[in-house]
Amino acid sequence: MNHPVQVTRSSMPGFDEYIEEIKELWETQWLTNMGVKHTRLEVELARYLNTSNVALFANGHLALEYIIAALNLKGEVITTPFTFASTTHAIVRNGLTPIFCDINPDDYTIQTEYLESLITEKTSAIIPVHVYGNVCNVKEIERIAKKYKLKVIYDAAHAFGVTVNGEGVANFGDASMFSFHATKVFNTIEGGAITCADSSISELLNTYKNFGITGPETVKYIGGNAKMNEFQAAMGICNLRNVDQEIKKREKNYNRYVEHLSEMKGIKLSLPPKNTKSNFAYLPVVFDGFSRSRNEIFEELKKQNIFARKYFYPLTNSLECYQGKFIPNHTPVAEYIAENVLTLPLYADLNLEDVDKICAIIKTHHQNLQLIIPR
Ligand code: T4K
């Protein structure tokens, strides 16, 4: 490839569209602290996600930290290690103990059959991840959570706009966290949000994210600062106008990958089920019995200026910062997937020709071999 191809590239509005959106900030000189852009984006997102309460944040990670605090979780929280460091960090930074549950071999979300065996009298919540936008088994999670009176917070960082049987993911569990980072399907440069059914929780979050201030002379909570500013919100307003188009472009590239790779022996894709409307956020490929290892393909692509990523390797239960701190639990499926997965470049402006070239490189290393993912 004569131009570098990264795993993703930020979606951006036209330059003039953004300038038009931020123009009035020079008149109002109101730049942050829940200004008009912030308020407008909250309303527009609630409409887009078909949900009632949206609390915006400076980024997805802080959103997750703050909702954990707002739900007043204690003790142990069950989660998966096949995720970005943020999910586990948010739990630990709240003084809680992460308990690691294995993942499904097909969609890489939390293995609900195994989940129940990890519940103790110290468990207060489950934080499953809709990893790559693949939706967790929400019905079973809800059943388990009800039975043991646990809170459920979905890490929906990857799942913006995804629906199951027409229902938006924002409405599952007690709360969901979305990331609006530059690398996401919908971005506000940096940013994030919590959606939750209970409006008192989103009100609490809005207070927490502004130092716990409840009135001109009252600070009721020990809050922090995690506010989205007006420039971020303006970017969100513009990007939201264009997001459906961007998802369509992603879909085109995604389908081209599927055409090339789905029948190739030794390559495993996790395609969205029929009842799910995907956002085509990522293109994870598991090399499961392929003639070359994931690492070899990663290097081969790199030689050709293509920068795929090993999302999510290493697992969070093996991160250096957690060595000796928590019981890592044996999570064999997660280990296998983390060792063998590669997320290939996928973004709206990627050319179909680039997809063809990437797949052609992979095809040149193709031979038939069979291995089995541990279950
Ligand atoms: N939970 C989960 C499951 C998550 O995946 C994440 C974040 C979070 C929670 C936390 O949400 P945030 O606090 O981030 O809102 C990236 C993102 O920084 C991170 O948001 C994301 N997950 C993670 C999966 O990917 P890196 O370290 O891989 O990013 P970086 O800088 O290497 O960028 C990757 C590629 O994206 C670049 O090669 C080119 C492209 N890029 C990057 C940036 C920064 C752009 O096109 N524009 C840009 O501005 O973590």
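Atoms within a ligand are numbered from 1 in the order they appear, just like the ligands themselves. Bear in mind that the values here come from a model prediction, so they are computed numbers and not experimental data.
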Look at the aromatic rings of Tyr132 and Phe82 and report parallel, tilted or perpendicular, splitting at 30° and 60°.
perpendicular
Give the ring-plane orientation class for Phe290 versus Phe287, where under 30° counts as parallel, over 60° as perpendicular and anything between as tilted.
perpendicular
Counting only heavy atoms and a distance below 4.0 Å, can you name the residues contacting ligand 1?
Gln6, Val7, Thr8, Arg9, Ser10, Asn59, Gly60, His61, Thr83, Phe84, Ser86, Thr87, Asp155, Ala157, His158, Met177, Ser179, His181, Ala182, Thr183, Lys184, Gly191, Tyr282, Arg309, Tyr311, Phe312
Who are the salt bridge (Lys or Arg N to Asp or Glu O under 4.0 Å) partners of Glu339, not counting sequence neighbours?
none
Salt bridge (Lys or Arg N to Asp or Glu O under 4.0 Å) filter on Glu203, not counting sequence neighbours, yields none
Among Asp107, Val138, Thr109, side chain to side chain contact (heavy atoms under 4.5 Å, CB included) partner for His130
Val138
Residue pairs meeting salt bridge (charged side-chain N to carboxylate O under 4.0 Å, His left out), one or both in residues 109-118, sequence neighbours left out, come to Glu116-Arg143, Glu116-Lys147
